[in-house]
Amino acid sequence: MTFIEELRWRGMIHDMTPGTEELLAKGMTVGYIGVDPTSDSLHIGNLATLMMLLHFQRAGHKPIGLVGGSTGMIGDPSGKSDERVLLDENILRHNQGCIRKQLEKFLDFDCGENSAVMVNNYDWTKDFSFLQFLREVGKHITVNYMMTKDSVRKRMESGSGISFTEFSYQLLQGYDFCWLYEHMNCRLQMGGSDQWGNIVTGTELIRRKLGGEAYALTCPLITKSDGSKFGKSEGGNVWLDPAKTSPYKFYQFWLNTSDEDAANYIKKFTLFTREEVESLIAKHQEAPHLRLLQKELAKDITIRIHSEAEYKAAVEASEILFGKGTTETLHHLSEDTLLSVFEGVPQSEISSDVLSSGMTVTDFLSDKTHIFPSKSEARRMLKEGGVLINKQKITEDFPLNESLLLNGKYILVQKGKKNYFLVKVIQ
RNA sequence: GGGGAGAUACCAGAGCGGUCAAAUGGGGCAGACUGUAAAUCUGUUGGCUUAGCCUUCGGAGGUUCGAAUCCUUCUCUCCCCA
């Protein structure tokens, strides 16, 4: 199966320039995607393009991961209704380092001819003077052409306007493609469908400036069946960095996808073959309550991004939290297990004399541990039966004392079914 | 520059002298149901020492026994004309 065929059945092609398929059929092709170093971690919104690059390499082509060190300093107007905040160089440098490590999880940087390569566009733009830029890049593209881009047009119409800086963004990205074409024989740029305009500026520039032929390939934006934005959970973005989104939460995110989305995501975010995916979907439909699709999806992605061990820990934690976990089982957990299960769960500390002084449950939940922002809210939730201590539903007059302590120093508080808090009692 | 409309809780939006901590919808949170889902139903959504009290309706003053509501003024937003 060729690269394009692979992407096609997975529903990962939104648009491509004519001739792309023929180009790839001729032999090993060099292609790239760009990522924005606006944060020190990638998030699952980047996943689709990363998978595209992974398939690209698996099909025998040579992938380049470009970190947008300089483009990140400008800001891409695509999909943004307002002008962006500029980042300074130190932060960008730091972010690039972190992102590189994450890219290494997807691509093989040491497999001979088609080893993946990382580049940073800052390296070839930092010494590029403004005059040079105007002469070598700006001269080849008309403003008329630039203004027809969706990202630009939307901002022109919105009234908030667009700065010259962001307007120029497409030239900068276009020049990257041009540079890679010239220096690394790169013929193809891939990205999300929102990048189409920017990518095509690149192919245009290559044609006018170098008389060369370059290609574009985009994948559709990942959507959710209920219309809400993909990639956000209650806590905001779902990051690939375990320090920002714990492997447990990461696993849970995928486990909680709807049936419809899971069938879609499993094609896009895992490497299961077509037959495997179809059989999984068929099995899932026979017994939807077992949520086989979600489990396989969560397993595959969690292992790829984190590790087998972290996946197992996430499953174990999930079983304790959602399965048959009772007050009994909690008391039997060792401290290590307890801490690893509740890794990433908000923690707070209180001293042991406060605990033995007979404070009320409301005080405990609000003032002492800040689990609730106000006493009224704590009271309300208690009345509704939404507060659990060590997996046991409690009321406002529940007596707090040392017999509750797990491993002699922890109390597990639950706000509703899914929000856990670990209170550590210190001597 | 001239004329008009408006600013109310997380958002939208009613209320136009006491019965207003403020209708209704959305969103949020929780409960029931369930598959850790969706849909649905229920409760809740300023704070506190909670049968009560305190602080809120753009800001500052004023009228009144009593103001989200009336008056003055300031700030901001929107619309129309030039």
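So that the names make sense, note that chain A is the first sequence line, chain B the second, and so on, each numbered from 1.
- The line from OH of A/Y265 to CG of A/L47 is 11.0 Å long, rounded to the nearest 0.5 Å.
- Residue pairs meeting the ring-ring contact (aromatic ring centres under 6.0 Å, His included) criterion with at least one partner in residues 372-417 of chain A, sequence neighbours excluded, are absent.
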Quick test: give all pairs of protein nitrogen or oxygen and nucleotides 49-52 of chain B nitrogen or oxygen below 3.5 Å, distance rounded to 0.1 Å.
unit_1: B/U49; atom_1: OP1; unit_2: A/K375; atom_2: NZ; d: 2.8
unit_1: B/U49; atom_1: OP2; unit_2: A/R379; atom_2: NH2; d: 2.7
unit_1: B/U50; atom_1: O4; unit_2: A/S376; atom_2: OG; d: 3.1
unit_1: B/U50; atom_1: O4; unit_2: A/R379; atom_2: NH1; d: 2.5

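- Taking atom C1' on both B/U75 and B/G31, the two are 45 Å apart, rounded to the nearest angstrom.
- Rounding to whole angstrom units, CD1 of residue A/I394 and C1' of B/A30 are separated by 14 Å.
- Rounding to whole angstrom units, CG of residue A/L382 and C1' of B/C29 are separated by 14 Å.
- With both ends at atom C1', the span from B/G6 to B/A68 equals 15 Å, rounded to whole Å.
- Defined by atom type and a distance below 3.5 Å, a donor-acceptor pair is present between the side-chain atoms of A/S41 and A/Q102.
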Atom pairs, N/O to N/O, protein against nucleotides 34-36 of chain B, distance under 3.5 Å?
unit_1: B/U34; atom_1: O4; unit_2: A/K417; atom_2: NZ; d: 3.1
unit_1: B/G35; atom_1: O4'; unit_2: A/H289; atom_2: O; d: 3.3
unit_1: B/G35; atom_1: O6; unit_2: A/D259; atom_2: OD2; d: 3.3
unit_1: B/G35; atom_1: N1; unit_2: A/D259; atom_2: OD1; d: 3.0
unit_1: B/G35; atom_1: N1; unit_2: A/D259; atom_2: OD2; d: 3.1
unit_1: B/G35; atom_1: N2; unit_2: A/D259; atom_2: OD1; d: 2.8
unit_1: B/G35; atom_1: N2; unit_2: A/Q294; atom_2: NE2; d: 3.1
unit_1: B/U36; atom_1: O2'; unit_2: A/N256; atom_2: OD1; d: 2.7
unit_1: B/U36; atom_1: O2; unit_2: A/Q252; atom_2: OE1; d: 2.8
unit_1: B/U36; atom_1: N3; unit_2: A/Q252; atom_2: OE1; d: 2.9
unit_1: B/U36; atom_1: N3; unit_2: A/Q252; atom_2: NE2; d: 3.1
unit_1: B/U36; atom_1: O4; unit_2: A/Q252; atom_2: NE2; d: 3.2

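- Partner assigned to B/A30 is B/U42, using Watson-Crick or G-U wobble distances below 3.5 angstrom.
- Taking atom C1' in both B/G35 and B/C29, the straight-line distance is 22 Å, to the nearest Å.
- A search for ring-ring contact (aromatic ring centres under 6.0 Å, His included) contacts involving A/H306 returns A/F250, not counting sequence neighbours.
- Remark: A/N390 pairs with A/T327, A/L330, A/H331, A/L404, A/L406, A/I411, A/L412 by the side chain to side chain contact (heavy atoms under 4.5 Å, CB included) rule, at least two apart or across chains.
- The phosphate of B/C29 (OP1 or OP2) has no side-chain N or O of A/N419 nearer than 4.0 angstrom.
- Considering only residues two or more places apart in sequence or on other chains, A/T17 meets the side chain to side chain contact (heavy atoms under 4.5 Å, CB included) condition with A/T20, A/W196, A/Y215, A/A216.
- A donor-acceptor contact under 3.5 Å links the side chain of A/E384 to the base of B/G43.
- With a 3.5 Å ceiling on both atom-pair distances, the Watson-Crick or G-U wobble partner of B/A7 is B/U75.
- Listed by chain and residue number, A/K375 satisfy the side chain to side chain contact (heavy atoms under 4.5 Å, CB included) test with A/S366 (two or more places apart in sequence, or in another chain).
- Atom pair A/L293:CG and B/A37:C1' shows a separation of 13 Å (rounding to whole Å applied).
- Taking atom C1' on both nucleotides, B/G62 is separated from B/C79 by 31 Å, rounded to a whole Å.
- Applying the side chain to side chain contact (heavy atoms under 4.5 Å, CB included) rule to A/H61 yields the partners A/F3, A/L24, A/T29, A/F56, A/A59; only residues at least two apart in sequence or on another chain are considered.
- Applying the ring-ring contact (aromatic ring centres under 6.0 Å, His included) test to A/F342 and every residue at least two apart in sequence or in another chain returns A/Y420.
- Taking only side-chain nitrogens and oxygens, A/K393 comes nearer than 4.0 Å to OP1 or OP2 of B/A32.
- B/A21 and B/G52 are spaced 12 Å apart, taking the P atom of each and rounding to whole Å.
- One atom, CZ of A/R380, and another, P of B/G46, lie 6 Å apart when rounded to the nearest Å.
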